[in-house]
Amino acid sequence: MDTPRIDLHRHLEAAVDPNDLPPFIQKHKIDLPSDLERLRALLRFTARPGNLAAFLEPFKQHIHKFFITEASVREFTKLCIRRAALEGLSYLELRFSPFYMAGAYAGTQRLDPESVVSAVCEGRDEAGSEHPVRVGLILIVGRELDIQKGQRVIDLALRYRSKICGVDLAGNEHGFPPHLFRDVFARAREAGVPITIHAGETGSAENIRYSVEELGATRIGHGIAAIHDASVVSLLKEREIVLETCPISNWLTGAVKGDPSNHPLMKLHRAGVKVTVNTDDPLLQSSWLADDIRQAEALGATPQDIASFMITAETAAFTDVLSISNA
Ligand code: ADE
Ligand code: ZN
């Protein structure tokens, strides 16, 4: 059987191909330019943001405008899945923040977060019957939102348990350490919902340790700060925690300092940590999984290493592995 092509870490809100946006913007009367070049100028990094806050800025400024009705959410989801099918992915996990997409970060909540979840699930189910790629959905607890909203995301995860495959904590690690979310993730953990946490991206190795030991994460989003703490590397190895690294994003956010070749992917791999290669936010980065794989190769990964990362991803998928291989 061919090696599966898997992306475990891609944000739905930034998983659309810009070329698909002009007709979408016109059809749904979205308050963004429908001219491709003007749109690109707003959404695509032309210089390296260099820190996580600057990297996340387009989410604050523009991206929330895509989601104005349930129909727009459904169609956007389908566009993202169609793009993933064109990349030849066999399995993709799309993560999204129901509160962000509902407009909570923009100050005016346009949609009910539950209707966002149901529209994403419907879009996924409709696209699933048209394209060969299998898609798991992960609900995001936003770091910058209050804890009650975090609990409401877990309520949604439990209500939509048969449709979603896991939960995540995302947003800026700085100022929002994982211990603030202990009670939120305790409920997901008790209910057996798989947990991944953005940790050790631009934050500390200690955030990784806490996310594993106290929040119950079995996968870590990025996690590259582990390289600075041998005891965290040991913990990841002992518990077989999988890191979802995103080499291109990690350079753009300044998680990797200086030259892109400073990414610790291969050091972590050689130290025995389970690593995978993923995209993060293709729309903003102008890069797709093939680009991150090329970046991993530039870091020294051989075709055998890439195949082993994909097998790791298959094993770590929050959806039943057999259902991926049979896709
Ligand atoms: N949301 C979208 N991209 C993100 C990233 N790289 N880190 C944290 N939250 C995010
Ligand atoms: Zn991410």
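None of these values were measured; they are calculated from a predicted model. Indexing begins at 1, ligand by ligand and atom by atom, following the structure's order.
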Proximity to ligand 1 by part of E173, non-hydrogen separation under 4.0 Å: neither

Ring geometry between H222 and H9 (parallel below 30°, tilted from 30 to 60°, perpendicular above 60°): tilted

Plane angle bin for H11 and F59 - parallel if under 30°, tilted between 30 and 60°, otherwise perpendicular: perpendicular

Atom 1 (N) of ligand 1 [closest protein heavy-atom partner, distance rounded to 0.1 Å]: H11 CE1, 3.3 Å

For ligand 1, the portion of D280 having any non-hydrogen atom under 4.0 Å away: side chain

For atom 10 (C) of ligand 1, closest protein heavy-atom neighbour: L56 CD2, 3.5 Å

Within reach of ligand 1, part of E201 (heavy-atom separation under 4.0 Å): side chain

Heteroatom proximity flag, D281 to ligand 1, N/O under 3.5 Å: yes

Heavy-atom gap L52 to ligand 1 smaller than 4.0 Å: yes

Aromatic plane relationship, F24 with H28 - under 30° parallel, 30 to 60° tilted, over 60° perpendicular: tilted

Derivation of the ring pair (Phe, Tyr, Trp, His ring centres under 6.0 Å) call for F76 and F67: CA-CA 8 Å; F76 189 91; F67 314 111; 4.9 Å; yes

Apex the Zn ion (ligand 2); atoms H9 NE2 and H198 NE2; angle rounded to 10 degrees: 100°

Carboxylate-amine/guanidinium proximity below 4.0 Å for E206 and R209: yes

Heteroatom of D280 nearest to the Zn ion (ligand 2) (N, O or S, atom name): OD1

Exercise: do E244 and T196 side chains pair donor with acceptor under 3.5 Å: yes

N-O pairing of E70 and R110 below 4.0 Å: no

Ligand-side contact atoms (ligand 1) for residue partner F59, heavy atom cut-off under 4.0 Å: 2 (C)

Cation-aromatic face contact R48/F55, 6.0 Å, 45 degrees: no

Under 2.8 Å: N/O/S of C246 next to the Zn ion (ligand 2): no

K163, NZ: over 12 other non-hydrogen atoms inside 6.0 angstrom: no

Sub-4.0 Å heavy-atom contact, H222 with ligand 1: yes

Distance from atom 8 (C) of ligand 1 to nearest protein heavy atom, with residue and atom: G171 O, 3.3 Å

